[in-house]
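This is a predicted model, so every value here is computed, not measured.
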Amino acid sequence: SYLGLPSGRKWASYNVGATEPEGYGSYFAWGELFDKDTYEWSNYKYCNGHRYSLTKYVDRSSYGRMDGQRVLLPEDDVAQQRWGGGWRTPTHEDQLELISNCKKTAEEVNGVKGTRFTGPNGNSIFLPKSGYAALNQWTLHRDGYYWSSTITYRTPAQTLVDDYSAWIVQMYGSNTSTAYSSMERCYGLPIRPVRDDLSIAQKDTNMTVGSVLVFPVMTGSKHYAASSSDPSIATATVEGCNVTVTAISSGEVIITVSDTEYDQSVTLNIIVNGANQGNAPEDAGPLDLGLPSGTRWATMNVGAKAPEEYG
């Protein structure tokens with residue numbers, strides 16, 4: 001659902017493993033890909049039996065083999081692995097954005113209690129109070145707990161946190177009280193995924209022969225490709241998160257930018273005009289000023305024959 005959040009992030013309508021908004025779905029230890037019967041440190045994937053022997057996602061050596069990795073990698077993100085298509089477990093920042101920008105309403109859907117989050121645009125999602133699993137016990141129908149993809153690493157402002165926990169969003173009590181908190185990573189919690197749809201910072205435009213247009217890809221997996229429907233008119237290349245389009249000859253062309261990991265694509269229509277069309281003086285340019293957009297400027301005004309004339 002598109003909630004109109006500042007980031008443009010979209011939230012799923014139901015949990016991983018569920019088939020409707022009020023379904024609890026599956027419960028996962030943080031970073032694991034399968035649900036199980038018991039949730040404890042003795043069977044947690046990323047430790048050697050206890051919380052001070054972590055083997056992955058460790059920010060401080062006192063908790064295990066330090067690797068500095070604070071956010072789930074794609075191979076350990078059950079939302080990415082099960083759903084694909086750009087879906088992932090929300091980061092701590094994603095959850096904070098949801099809490100801060102949405103109206104919260106206590107609601108019961110088909111007998112399931114939860115909280116409805118209504119975004120700035122009026123769209124909403126329902127998060128059931130699905131509890132969590134510790135050892136072989138499930139605390140259902142009380143509070144709601146949802147994993148983020150971020151461990152509770154220590155910062156100057158957050159000194160009382162531990163690497164063996166991860167950030168969560170918690171809905172507690174009979175009202176709409178909602179806050180962020182933390183939970184030990186071995187416990188089983190549900191996951192409500194988010195998705196980053198591919199977007200670019202450029203609209204359909206006109207170019208002139210010989211000009212160059214550079215624009216960034218705004219969201220996605222960071223694995224991009226670009227292609228042109230007719231390279232004889234304009235070519236498209238990608239370097240990092242930037243797409244470069246070079247106008248070759250007059251005509252119309254479609255530039256396709258693809259996210260190769262999330263299997264998404266967006267298109268851009270470009271009309272390339274011939275250089276110095278009409279009655280433009282031969283020395284009118286355009287002049288490349290090295291601007292980020294690649295736009296080139298004329299050396300004189302329309303109607304002028306020299307840079308110093310008013311035109």
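Ring orientation note: the planes of His50 and Tyr52 are tilted relative to one another, at an angle of 30° to 60°.
Distance alone, capped at 3.5 Å, places no donor-acceptor pair between the Thr299 side chain and the Pro307 backbone. Put simply, the side chain of Asn15 gets close to the backbone of Tyr24: a donor and an acceptor are under 3.5 Å apart. In this structure, the side chain of Gln81 does not engage the main chain of Asp76 through any donor-acceptor pair within 3.5 Å. Checking side-chain atoms of Asn101 against main-chain N and O of Pro120 turns up no donor-acceptor pair under 3.5 Å. Looking at Gln95, its side chain does come within 3.5 Å of a backbone N or O of Trp147 through a donor-acceptor pair.
Side-chain contact between Glu184 and Trp41: present, with at least one pair of heavy atoms (C-beta onward) separated by less than 4.5 Å. When side chains are defined from C-beta on, Glu239 does not count as touching Thr244, because their heavy atoms never get closer than 4.5 Å. Contact of the Phe34 side chain with the Lys45 side chain is not registered, since no non-hydrogen atoms from C-beta on lie closer than 4.5 Å. Contact check for Tyr146 versus Pro190: side-chain heavy atoms found under the 4.5 Å cut-off. Using a 4.5 Å heavy-atom threshold, the side chains of Ile248 and Val272 count as separate. No side-chain heavy atom of Val243 sits less than 4.5 Å from a side-chain heavy atom of Ile200. Using a 4.5 Å heavy-atom cutoff, the side chains of Leu135 and Thr38 are not in contact.
Of all non-hydrogen atoms in Pro193 and Pro90, the two that sit nearest each other are CA-CD, 4.2 Å. Residues Thr150 and Glu93 approach most closely at OG1-OE1, 4.5 Å, considering heavy atoms. Between Tyr132 and Tyr27, the shortest heavy-atom distance links the atoms CA-CE2, 4.0 Å. Heavy atoms only, all atoms of each residue included: Thr91 and Ser148 are closest at C-CB, 3.8 Å.
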Legend entry - ring pair (Phe, Tyr, Trp, His ring centres under 6.0 Å) between Tyr57 and Trp30, intermediate numbers included: CA-CA 11 Å; Tyr57 302 102; Trp30 190 87; 5.0 Å; yes

Inset, instruction - Step by step, work out the salt bridge (Lys or Arg N to Asp or Glu O under 4.0 Å) result for Arg88 and Asp77. - result: CA-CA 7 Å; Arg88 59 173 175 80; Asp77 189 332; over 6 Å; no

Inset, instruction - Output, in order, the C-alpha distance, side-chain angles, deciding distance and verdict of side-chain hydrogen bond (donor to acceptor under 3.5 Å, both in side chains) for Ser124 and Arg116. - result: CA-CA 7 Å; Ser124 66; Arg116 183 167 298 280; 3.0 Å; yes

Inset, instruction - Would you check, one step at a time, whether the test side chain to side chain contact (heavy atoms under 4.5 Å, CB included) holds for Asn206 with Asn273? - result: CA-CA 7 Å; Asn206 290 4; Asn273 299 309; 3.9 Å; yes

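Within 6.0 Å of CD1 on Ile254 lie no more than 12 heavy atoms contributed by other residues, nucleotides or ligands.
Among residues at least two apart or in separate chains, salt bridge (Lys or Arg N to Asp or Glu O under 4.0 Å) pairs with a member in residues 6-30 are Arg9-Asp94, Arg9-Asp196, Lys10-Asp197.
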